[in-house]
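Input: a single structure, listed below in structure tokens.
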Amino acid sequence: MITLENFGVSYKSFSLQPLTLELGADECVALVGPNGAGKSTTMKGLSGRLKDYTGEIRFRSYEVRTLLPQYRAWVGLLPEKLLGLGWMTVSEHLRFLRSFYPSWDDAYAHTLRERLELQPDARVGTLSKGMAVKLSFIAAEAYRPPVLLLDEPTSGLDPVVRRELIGLIRELADRKESRLIVFSTHILEDVEFVADRVIMLRAGALVSDESMANLQRNARGGSVSGLLFDQLSAGGMRA
Amino acid sequence: MMRSVDADAVRALVRVEIQRQWPQFLKMFAVMGAILLVAIFTGGSRDNGFAAGLGASLLLGLPALAAMQIMRDRLDGSLEFFCSLPVTGETMAAARFTVLAAIALLTAVLNLAALVLTDAAARLDYPNLAVYVGTFGLGWAVPLALGATTCALGSRFRMETVLMLPFGVLICIAAFGATISRYLAASSAAAPLRQIFVATWFVPVATLAAFIVCITITFAAFRFTASSLAAFVPAPDRR
């Protein structure tokens with residue numbers, strides 16, 4: 001569904017080495033790595049929010065930059081920070097977004113909101129971190145985009161909300177609706193529970209790209225998160 | 001392919017812009033209205049200087065609104081939110097300019113109402129209201145439209161940096177001001193307007209205020225349009 005071909009960026013303080021990846025439909029991919037590994041940059045590239053990069057990012061064989069801004073209607077993004085207008089209520093925020101996505105499903109948005117126990121009349125600007133993530137998740141998922149990108153969705157959440165969200169992501173992945181789900185995280189336990197495939201980045205370079213089945217085999221009965229932690233620590237970095 | 005200006009998206013953006021602007025707009029006119037009432041009851045409104053001051057204040061309200069809007073967008077991250085929507089920069093600019101032009105027109109009408117309530121408009125020729133409203137309402141829309149068009153052309157030919165040069169803006173303003181001055185000096189249609197201007201010393205103050213408005217709002221328009229181009233071409237990650 002999405003192909004990265006020698007995708008790379010070069011900034012003053014950071015560079016992402018050319019990355020070549022094939023991300024297919026029905027995959028749930030975890031991007032893991034320590035801070036500064038290049039996860040967010042890769043997510044930005046995948047979501048069509050980068051312009052200065054080398055190589056190509058292709059969505060269904062079209063270079064993403066040529067598909068903008070339409071491409072954003074095919075990609076649901078849960079950003080690290082909630083994007084919205086603070087004075088709006090949750091329901092106003094969702095109603096506003098509905099105008100921009102032809103495939104927006106009101107009933108589905110309502111179901112997600114009820115399930116995630118988000119108050120419709122709460123002000124966007126006053127939401128706690130957990131509630132803001134929930135709202136971002138609904139905003140990204142309510143139009144059932146073929147590509148769902150979740151940038152550190154569980155970072156800073158309390159265990160209850162985290163488990164709730166991870167369960168929901170796993171549920172979406174299990175539906176096998178020909179959608180690609182990519183999430184970045186440095187919480188390795190989440191990876192073990194959700195991902196079908198794990199791509200590890202460190203200091204702007206690809207370290208490994210393995211299926212969960214392979215990782216489980218390599219873990220030899222131990223935990224995959226432990227194995228991933230060892231791989232990350234081997235580079236002298238902490239996850 | 002996505003239309004360059006999407007009417008549904010413009011409507012949604014205009015609605016949200018009005019919701020955002022309305023409280024500030026209301027506050028500004030409540031204050032002005034209160035001053036006007038006090039002046040009428042105390043007899044101060046017979047002073048032409050009062051009318052001039054009132055007109056100038058109302059004229060200056062608009063760029064204040066535009067400036068506040070841009071500042072707010074930058075401070076609260078709403079610009080980033082708008083730029084994340086699947087709409088073209090032209091759509092966003094169209095919505096923003098529609099709202100500002102509507103506010104300009106409303107300001108002109110209220111300005112006129114204030115003049116009618118004071119002695120400054122004693123010799124106002126009612127059939128020529130359209131000339132007044134047109135000059136002050138739509139006259140402000142011209143630099144806005146000019147800014148948008150120039151920015152759109154600039155982005156098409158990738159000259160964003162050149163467009164940010166203040167010299168270009170000042171040349172546009174000077175050309176606009178010269179045209180309006182010539183029109184006011186020569187046109188018989190503008191005679192009633194000129195008569196009012198000559199009868200009061202509203203002319204120099206209003207002209208100065210209008211000039212300041214034009215400069216401020218054109219800068220604001222240019223800055224906003226240049227920023228909104230981020231939707232057309234996503235902003236690079238500059239870390």
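As the structure is a computational prediction, the values presented were derived from the model and not from experiment. Chain letters run A, B, ... following the sequence lines, proteins first, then strands; residues in each count from 1.
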Heavy atoms only: give me the nearest Ser84(B)-Arg72(A) pair and the separation to one decimal.
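For Ser84(B) versus Arg72(A), the nearest heavy atoms are O-CD, 3.4 Å.
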So which atom in Val16(B) and which in Met88(A) form the shortest heavy-atom distance, rounded to 0.1 Å?
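The answer is CG2-CE, 2.9 Å.
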Chain B contact via Tyr101(A) - which portion, at a heavy-atom distance below 4.5 Å
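Side chain only.
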Taking side chain as everything from C-beta outward and backbone as N, CA, C, O, which of these in Leu77(A) sits under 4.5 Å from a heavy atom of chain B? Side chain, backbone, both or neither.
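Contact with chain B: none, neither part.
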Plane angle bin for Phe96(A) and Phe81(B) - parallel if under 30°, tilted between 30 and 60°, otherwise perpendicular:
tilted
Tell me whether the count of non-hydrogen atoms from other residues, nucleotides or ligands lying under 6.0 Å of OH in Tyr108(A) goes above 12.
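Buried by this count: over 12 neighbours within 6.0 Å.
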When you compare the side chain of Pro69(A) with that of Thr88(B), does any pair of heavy atoms fall below 4.5 Å?
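Result yes, sub-4.5 Å side-chain heavy-atom pair found.
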Salt bridge (charged side-chain N to carboxylate O under 4.0 Å, His left out): pairs with one or both residues in residues 18-32 of chain A, sequence neighbours excluded
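Matches after skipping sequence neighbours: Glu27(A)-Arg197(A).
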Salt bridge (charged side-chain N to carboxylate O under 4.0 Å, His left out) partners of residues 90-104 of chain A, not counting sequence neighbours, each pair once:
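Qualifying pairs, neighbours excluded: Arg98(A)-Asp106(A).
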